[in-house]
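Taking it in order: structure first as structure tokens, then the write-up.
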There are 2 protein chains.
Amino acid sequence: MIVFTDETCPMRVACRAIEGKWKLPILYVLCENGTLRYNELKKALGITNVMLSNTLKEMEQEGLVARVQYNEIPPRVEYSLTEVSGALLPIVQAFCAWGETLLSLEETD
Amino acid sequence: MIVFTDETCPMRVACRAIEGKWKLPILYVLCENGTLRYNELKKALGITNVMLSNTLKEMEQEGLVARVQYNEIPPRVEYSLTEVSGALLPIVQAFCAWGETLLSLEETD
DNA sequence: CAGAATCCGCGTCGATACTG
DNA sequence: CAGTATCGACGCGGATTCTG
């Protein structure tokens, strides 16, 4: 029987990579909109500074987002997908499509 | 710009459906193994009674798992995917494949 | 076997204010 | 503009025990 408890269970590894409330949403808006600035992410997500900056920092370390900082005034920092997270694009889109069917199911009851 | 804050954002709807620590893992083991009994789920996941029974109850109400109870002694209850959650199968598998690539990346560093 | 009940720590998450 | 600092609440999630 396939189990989730194995350290090498791929689903376990994948789940750990996107755990938390905001990682998937962040990947989503980056998928849909491409490169975004910090405040654009914030608006698109409806997230607080604490959660956004912490989550982005984690994701950067895990290689899920790329951060580019321009030394201008006012500051400009842009976030985008990486090679690793870019591979999630079809999955994100399929997952989204599934969300649409859920939505249409809700309407009919 | 595509935003996550809209109530009708499909990603938002989809995320809400699988939120929490255990819903995706449960769907995964049901995808991989087919119908499972309560204790089989428990073993495959490494989850406590509280979390398993609560999460299953939620998922049943949301239409993500089907519960069939046989009135035998000792009791037997079997859980399986539904039409709605069955649609997630390709996504779960793709997500798993992504987990494999993560795993292979970990090995090489 | 398939849960329900209870108790509780700790991490998640958010609001608010502040800074280079 | 792009964050950091601090504080606090809430509830997720777990250990243990018990039941039909």
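Just so it is clear: chains get the letters A, B, ... in the order the sequence lines come, proteins before strands, and each one is counted from 1.
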Could you give the CD-to-C1' distance, from E78(B) to dC1(C), as a whole number of Å? 13 Å

Rounded to the nearest angstrom, tell me the gap between atom CG in N54(B) and atom P in dG3(C). 11 Å

Quick check: closest heavy atoms across E100(A) and P10(B), and the distance to 0.1 Å? CG-CB, 3.6 Å

More 5' along DNA chain D: I47(B) or N39(A), using each one's nearest nucleotide? N39(A)

Would you mind reading off the distance between K23(B) atom NZ and dC12(D) atom P, rounded to a whole angstrom? 10 Å

Closest to the side chain of T48(B), out of dC13(C), dA15(D), dG3(C), is dA15(D)

Have a look at R16(B) and tell me which of E7(B), E62(B), E58(B) forms a salt bridge (Lys or Arg N to Asp or Glu O under 4.0 Å) with it. E7(B)

Which of dA15(C), dT4(D), dG14(C) is nearest the side chain of N49(A)? It is dT4(D)

Could you check which of dG14(D), dC1(D), dC13(C) has an atom nearest any side-chain atom of K21(A)? dC13(C)

Tell me the interatomic distance from I73(A), atom CD1, to dG3(D), atom P, rounded to whole angstroms. 15 Å

So, does W98(A) use its side chain to make a donor-acceptor pair with the main chain of V84(B) at under 3.5 Å? yes

Considering only side-chain heavy atoms of V77(A), which listed nucleotide, dG3(C), dA17(C), dA2(D), is closest? dA2(D)

Give the nucleotide from the list dG20(C), dG3(C), dA2(C) with an atom nearest to the side chain of R67(B). dG3(C)

Counting only side-chain heavy atoms from C-beta out, which of dA2(C), dA4(C), dA2(D) sits nearest to R37(A)? dA2(D)

Crowding at CD, E83(B) (>12 non-hydrogen neighbours, <6.0 Å): no

Could you check how far CD of E40(B) sits from C1' of dC1(C), rounded to whole Å? 11 Å

Among dA4(C), dA5(D), dT4(D), the nucleotide that comes nearest once only the side chain of K57(B) is considered: dA4(C)

Could you tell me how far apart E58(B) (CD) and dG11(D) (C1') are, to the nearest whole angstrom? 12 Å

Taking the side chain of S53(A) as heavy atoms from C-beta outward, which of dC1(C), dT4(D), dG14(D) is closest to it? dT4(D)

Listed nucleotide nearest any side-chain atom of Y79(B), set dA5(C), dC1(C), dG3(C): dG3(C)

Nucleotide nearest W22(A) when distance is taken to its side chain, options dC1(C), dG13(D), dG14(C): dG14(C)

Separation of dG3(D) P from K43(A) NZ (nearest whole Å): 16 Å

Whole-Å distance, R76(B) CZ to dG3(C) C1', equals 17 Å

Mutual orientation of the aromatic rings belonging to Y79(A) and Y38(A) [parallel < 30°, tilted 30-60°, perpendicular > 60°]: tilted

